[in-house]
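Input: a single structure, listed below in structure tokens.
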There are 2 protein chains.
Amino acid sequence: MTETPALGPRYRAPARVPSAPRLISPAGAGQVNRTRLLQILYDVGPTSRAQLARISRVTKTTIGAIVQPMIDDGILVEGEPQQSSSQGGKPARPIWFSPVDRPTVAVHLLPGTVRAALVSLTGSVITESSANFEATELDHDVIIDCVTSCIQDVLPSDGGAVLGVGVAVGGIVNTDEGRIVEVNLAPGLAGLELGPLLSRRLGLPVHLDHHPRVQALGDRWFGSGRRASSFASIYCGEAIGVGLVIDGAVHRGVAGAGGEVGHTIVDLGGTVCRCGRTGCWETIASHRWLQAEAAIAGLPAADALTVGPLARLAGDDHAGAEELFDRFARNVAIGIINLQQILAPGLFILHGDVVQGGEELRERVQKYVLDGIPVHAGGAPAITFASADDDITLLGAAALVLSQSLDLLT
Amino acid sequence: MTETPALGPRYRAPARVPSAPRLISPAGAGQVNRTRLLQILYDVGPTSRAQLARISRVTKTTIGAIVQPMIDDGILVEGEPQQSSSQGGKPARPIWFSPVDRPTVAVHLLPGTVRAALVSLTGSVITESSANFEATELDHDVIIDCVTSCIQDVLPSDGGAVLGVGVAVGGIVNTDEGRIVEVNLAPGLAGLELGPLLSRRLGLPVHLDHHPRVQALGDRWFGSGRRASSFASIYCGEAIGVGLVIDGAVHRGVAGAGGEVGHTIVDLGGTVCRCGRTGCWETIASHRWLQAEAAIAGLPAADALTVGPLARLAGDDHAGAEELFDRFARNVAIGIINLQQILAPGLFILHGDVVQGGEELRERVQKYVLDGIPVHAGGAPAITFASADDDITLLGAAALVLSQSLDLLT
DNA sequence: CAAGTTAGTCAGGAAAGTGAACATAGTCAA
DNA sequence: TTGACTATGTTCACTTTCCTGACTAACTTG
């Protein structure tokens, strides 16, 4: 008889068991339901118990049982009684998230710049800070120091509990390992294990993800994708990327790949992209293309042209600008058409410099998209521009933490 | 006090409530768990209660409680006791689906041809039948008659209970309404409300979907996508389409749109597609392109060339064929690259005439795909060819019914 | 001020998974 | 042949969770 090792029961290699969805236990169902209810609350905003019961198709009793402990715990707060409806009745008291309890830290990491904010559960920025580092910096320690101190600037001074840190990275990341794979223009960030390193320094859970996916999360939780079950959140500026929300959840490919829609091939015979391949969408719908074409057309300040100035030129009836503006709209539409043909999300939310083109650009893009897809019962896809000056990426980084922590909110 | 109408409680228009995920009740959890367990059983094949308990991370007790009523009901059967492991122990009795109880009807509708089969819960074809109609036929009644009689040929003669009818349509469908929107080469099918009409004639639930999505379901349930949580099932022959499995579920766009990857734009300056737009993937990777290029290259029988003969010509060191074969591989890779860049499913299962290219073609496609995507921690995507003569679409049509009916299997 | 209406709470009941103990049926070695 | 060992499958008391129905609270209207 062999002795059982002190470390625990003898390990026996299990039969090769494929990972499978777990079954739900009553206790697990409670966890799931608490999480879902909080999701619903985010979707609909401050809402009374009775209304939540109607939305989630359960009884008021159940809602009360779920919500009351959270109120006692300080996560949720009960608002002032609202006006009764004209039919009378006890006035409803809306439930909403605490504006101070358990905030999250949101970080946006760009080549040379880091931006950090303390974000409340209600989705508003409490404190903000930013710092710069040399984009050519190769020493990981220097970068980590910079990021850490920027975060510490926004941490609550009273040392109150923070849920975690969410990081949006403007480059390719491995979400499984919390590692940055590559960031254009910032070679020093390549290979940086930002997740584990930050987590160790701060003693907080850290989640990081690809910028357009974080942006999509921001749209889903706090922006115009709020109640949409599927949509594409596109960033279009100096580069192009997409975050896909499919059936209410942000889609990640294996280990966090995917979303590189800027480097899908749309023009086989086209020009060479900075990625080394030929005919990427980015070669016909990013700043680089805009500036090259503007130079050819002889537009003023062509080599620094962006969408806003181009729109103004086009609005002033500058013939070359008008023509370029329209081609830009068509080129932006190409990638959207392809996404719609493949996935048919039905809603496209555009961010980045492209929104500087305003309603005029949006309408043109929409027209080209509608021209480019067959009429189908699914209905015409909607193209919307995000507001130009929002913090949706920071809010998305906060949502990144929330989406992983909701079940920790007891 | 107004009287309550006889039809039921007075209907009161609810406050505009956004559709939201329901919370899970204990009873609902049971339903979900039964369904999940059956899904797991499909994924892993015949399996003992104890093994199922390990896979689904619940106790043997629970599995027994779920499985026993289904055995009593005849849906599941207990196999012969297996050999004990070398360590001894009571021999396990694998549980599996009944090969005769509650079969489904699978239908594949193509321009001019309909194929029907009776498929068992175990995923094997019990009976099969096919019929032809004029592809130019415009009378809906004639088509429905043809489909109905083809189905009745395979219905069990003893009138045993059939779960339902699944239909794969080689064209655009509206899955919400069970309506065919458009089928290339068969204008009479456009607008046909096949779902409701068949359902009324047969008295059975009918589900229909776009062919590549049905094919993906077949791969997911009975093919090489069986345990994969995400993959793309591509049909590539006279046309190109894709069915996407994302997180274990087949993705449908709004009302069943999406999957039209053949008409994504990959070659802006290219040739005009039969869809009327320019530069679709289909214009460079379907039969039409192959035959046009073969004619230019002076290959024999160019106007009826398909992939199999081309592969043989190339294998015989026919210079023009070899070069065309390679370009075809590259062109097929283009669309796969784009899908991988956007969604990174990590696995691509190819069906249709393209598989006639054999391992030689598969390797070339894989090489071009790997050349066309950045190295990323997610790992290199796998490209696989389905076996040439399988019934995966019919099995997928059966799975279409199963996936909607699992919770009806008590 | 009474009737009607809506919000929120309290006690009892049903569904479902858990965990420990037990019956069942094999292997292996003395 | 027997006993120790191992693994499968079943029985029963227990916990969690949500539902039902009755109740209190608060406001509007006539």
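Computed over heavy atoms, backbone and side chain alike; hydrogens, waters and symmetry mates excluded.
Going from atom CD of Q83(A) over to atom P of dT5(C) covers 19 Å, rounded to whole Å. Between the CD atom of E78(A) and the P atom of dT9(C) there is a distance of 7 Å, rounded to whole Å. We find that CG of D72(A) is positioned 15 Å from P of dG8(C), with the value rounded to whole Å. One atom, CD of Q31(A), and another, P of dA16(C), lie 21 Å apart when rounded to the nearest Å. Between the P atom of dT6(C) and the NZ atom of K90(A) lies a distance of 15 Å, rounded to the nearest Å. Atom P of nucleotide dG17(C) and atom CD1 of I24(B) are separated by 12 Å, given to the nearest angstrom. Atoms CZ (R93(B)) and P (dT10(D)) sit 10 Å apart, rounded to a whole Å. dA15(C) atom C1' lies 10 Å from atom CZ of R34(B), rounded to whole Å.
Along DNA chain C, the nucleotide nearest Q68(A) and the nucleotide nearest V58(B) are compared for position; the residue whose nucleotide lies closer to the 5' end is Q68(A). Of the residues near DNA chain D, A27(A) and G89(B), the one whose nearest nucleotide (by heavy atom distance) lies more toward the 5' end is G89(B). In this structure, G64(A) and P81(B) both approach DNA chain C, and ranking their closest nucleotides by distance from the 5' end singles out G64(A). Map I66(A) and Q82(A) each onto its nearest nucleotide of DNA chain D; the residue landing nearer the 5' end is I66(A).
Judged by distance alone, with hydrogens and angles left aside, the side-chain atoms of T35(B) form no donor-acceptor pair with the main-chain N or O of N33(B) at under 3.5 Å.
Counting distance only, with no hydrogens placed and no angle test, the side-chain atoms of K60(A) and the base atoms of dG8(C) include a donor-acceptor pair under 3.5 Å.
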Quiz item: Taking it one step at a time, do D73(A) and R102(A) satisfy salt bridge (charged side-chain N to carboxylate O under 4.0 Å, His left out)?
Solution: CA-CA 11 Å; D73(A) 193 39; R102(A) 264 165 274 197; 2.9 Å; yes

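Phosphate contact (OP1/OP2 of dT10(D), side-chain N/O of R49(B), threshold under 4.0 Å): present. Note on N33(A): a side-chain N or O is less than 4.0 Å away from OP1 or OP2 of dC18(D). Considering only side-chain N and O atoms, T62(A) lies under 4.0 angstrom from the phosphate OP1 or OP2 of dC19(D). Here T59(A) reaches the OP1 or OP2 of dC19(D): one of its side-chain N or O atoms lies under 4.0 Å away. For dT8(D), one of the phosphate oxygens OP1 or OP2 lies less than 4.0 angstrom from a side-chain nitrogen or oxygen of R54(B). Contact check, Q87(B) against dT27(C): no side-chain N or O comes under 4.0 Å of OP1 or OP2.
Residue-level contact check: I63(B) touches neither bases nor backbone, having no heavy atom under 4.0 Å from any strand. T61(B) comes within 4.0 angstrom of a base, heavy atoms only. Residue A29(B) is out of contact with every strand shown, counting any heavy-atom pair closer than 4.0 Å. Within the nucleic acid shown, L23(B) has no heavy atom closer than 4.0 Å to any nucleic acid atom.
Taking the charged nitrogens against the carboxylate oxygens, D176(B) and R252(B) have no contact shorter than 4.0 Å, which rules out a salt bridge. Under a 4.0 Å N-O distance rule, the pair R226(A)/D219(A) does not qualify as a salt bridge.
V105(A) pairs with exactly one of V162(A), V119(A), V401(A) by the side chain to side chain contact (heavy atoms under 4.5 Å, CB included) rule, that one being V162(A).
Contact check for S48(B) versus R93(B): no side-chain heavy atoms found under the 4.5 Å cut-off.
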